[in-house]
Amino acid sequence: MAEHEYEAKFLAIDAESIRGKLRAAGAEQIFSRTMFTRLIFENDAVRGEQWLRLRDEGGKKTLTLKQVSDASHIGGTTEIEIEVNDLDTTAELLKAVGLRQVRYQQNYREEWQRDDITYDFDTWPDLPTFLEVEGPSEEAVRRAVADLGLDYADARFGSVDLMYKSEADRDILAEPTLLFRE
């Protein structure tokens, strides 16, 4: 069943200061900075603001159908996600049923948790580290954001490609790979 994602992204952050506030509030670091890789698949039925993402989260592997209906609002994204045990075999299956792998992307994530709120510090190639706050409802996210001293009016919604467009004037949807330079 598709579930709404309630997550807000904040670009201009002081990551160390926010980590300190999370520690002081009793948040637990779930995992330290970890490389994530994702394969994005599309076909004629899965296009535009809808795509399949096969992701290795540093051990946990997920297949997710993402759909953005309104990138200007916190509740504008839905997802259906399952855990898979083999990335390569899942990719092979998706290709066998006619999906095309259109992108390969990397990012780093560090995750914290407090109660029912998840705080992710995400680092993508050529973007500064940003914070994503996710919770069970818009109200819960708003409270968590206020507790960190962030202004909800600065929140961004939707997928990371929108941040690349606004911050780097770059269309990553046209790039088959998005990798860190060694």
Side-chain angles (χ1 to χ4, degrees), residues 4-19 21-22 32-58 62-79 81 87 91 94 99-112 118-135 138 141-142 144-146 148-182:
H4 279 278
E5 282 188 325
Y6 295 100
E7 58 186 33
K9 297 173 180 66
F10 295 87
L11 289 158
I13 63 161
D14 177 341
E16 269 317 301
S17 171
I18 292 174
R19 283 184 189 98
K21 290 177 183 180
L22 289 171
S32 60
R33 182 178 155 110
T34 302
M35 170 72 77
F36 279 25
T37 57
R38 61 183 46 71
L39 304 174
I40 306 298
F41 291 87
E42 295 178 352
N43 72 6
D44 292 338
V46 181
R47 296 168 48 144
E49 295 301 309
Q50 185 177 11
W51 63 94
L52 278 168
R53 177 190 70 203
L54 182 58
R55 182 168 71 183
D56 183 338
E57 304 174 7
T62 58
L63 177 64
T64 308
L65 176 66
K66 304 272 286 188
Q67 183 166 11
V68 178
S69 58
D70 182 357
S72 68
H73 185 265
I74 190 169
T77 301
T78 56
E79 68 176 29
E81 182 171 275
L87 209 69
L94 295 173
L99 288 154
R100 295 179 306 277
Q101 181 187 323
V102 293
R103 286 182 291 290
Y104 175 80
Q105 302 169 330
Q106 297 175 326
N107 79 299
Y108 286 99
R109 174 168 285 178
E110 171 187 339
E111 187 164 289
W112 292 70
T118 302
Y119 305 86
D120 291 325
F121 294 90
D122 281 349
T123 306
W124 286 74
D126 306 316
L127 283 183
T129 296
F130 60 89
L131 178 69
E132 183 177 275
V133 181
E134 182 173 359
E138 179 177 355
V141 171
R142 283 180 178 270
V145 166
L148 291 176
L150 297 172
D151 186 348
Y152 190 80
D154 295 333
R156 304 282 295 276
F157 311 106
S159 56
V160 74
D161 64 287
L162 300 174
M163 287 191 287
Y164 272 95
K165 282 182 185 165
S166 68
E167 303 306 304
D169 193 28
R170 187 169 161 188
D171 180 8
I172 64 165
L173 299 182
E175 298 179 29
T177 60
L178 182 60
L179 310 172
F180 288 97
R181 294 182 213 109
E182 296 304 322

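Keep in mind it's a predicted model, so treat the numbers as computed, not measured.
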- Electrostatic pair Arg170:Asp161 at N-O distance under 4.0 angstrom: no

- Message: Looking at Gln106 and Phe180, would you say the former's side chain and the latter's main chain have a donor-acceptor pair under 3.5 Å?
- Response: yes

- Distance in Å, Asp14 CG paired with Arg19 CZ, rounded so as to fall on 0.5 Å steps: 9.0 Å

- The single option from Glu111, Lys9, Glu7 that satisfies side chain to side chain contact (heavy atoms under 4.5 Å, CB included) with Asp120 is Glu111

- Item | Note: Arg103-Glu42 ion pair, threshold 4.0 Å (strictly below) | yes

- Task: Give the intermediate values and the outcome of side-chain contact (heavy atoms from CB on, under 4.5 Å) for residues Phe41 and Arg100.
- Result: CA-CA 5 Å; Phe41 291 87; Arg100 295 179 306 277; over 6 Å; no

- Tell me, please, which residues at least two apart from Tyr164 pass ring-ring contact (aromatic ring centres under 6.0 Å, His included). none

- Query: Checking side chain to side chain contact (heavy atoms under 4.5 Å, CB included) against Gln105, which of Leu39, Val160, Leu179, Ile172 comes through?
  - Reply: Ile172

- Mind checking whether Tyr108 and Phe121 have ring centres under 6.0 Å apart? no

- Query: Hey, does Arg38 have a side-chain heavy atom less than 4.5 Å from the side chain of Asn107?
  - Reply: yes

- Message: Less than 4.5 Å apart, side chain to side chain, heavy atoms only: is that true for Arg33 and Thr123?
- Response: yes

- Message: As a quick check of understanding, evaluate salt bridge (charged side-chain N to carboxylate O under 4.0 Å, His left out) for Lys66 and Glu5, giving each step before the final call.
- Response: CA-CA 10 Å; Lys66 304 272 286 188; Glu5 282 188 325; 2.8 Å; yes

- Message: Evaluate Arg53 against Glu81 for salt bridge (charged side-chain N to carboxylate O under 4.0 Å, His left out), listing each step before the verdict.
- Response: CA-CA 9 Å; Arg53 177 190 70 203; Glu81 182 171 275; 3.3 Å; yes

- Item | With Ser166 via side chain to side chain donor-acceptor pair (under 3.5 Å) - residues at least two apart | Arg156

- Taking Thr177 for its side chain and Tyr104 for its backbone only, find out whether a donor-acceptor pair lies under 3.5 Å. no

- Any side-chain heavy-atom pair from Trp51 and Val68 closer than 4.5 angstrom? yes

- Can you find a heavy atom in the side chain of Leu131 that is under 4.5 Å from one in the side chain of Leu148? yes

- Query: Could you give the distance from CD (Glu167) to CG (Leu162), rounded to the nearest 0.5 Å?
  - Reply: 11.0 Å

- Note on the structure: Interatomic distance, CE@Met163 vs CG@Leu127, rounded to 0.5 Å, equals 6.5 Å

- Indicate yes or no for a side-chain donor-acceptor contact from Thr34 to the backbone of Ser32 under 3.5 Å, with no hydrogens or angles considered. yes

- Message: Using every non-hydrogen atom in the two residues, find where Phe10 and Phe130 come nearest and quote the distance to one decimal.
- Response: O-CB, 3.1 Å

- Does His4 reach the main-chain N or O of Thr78 with its side chain, forming a donor-acceptor pair under 3.5 Å? no

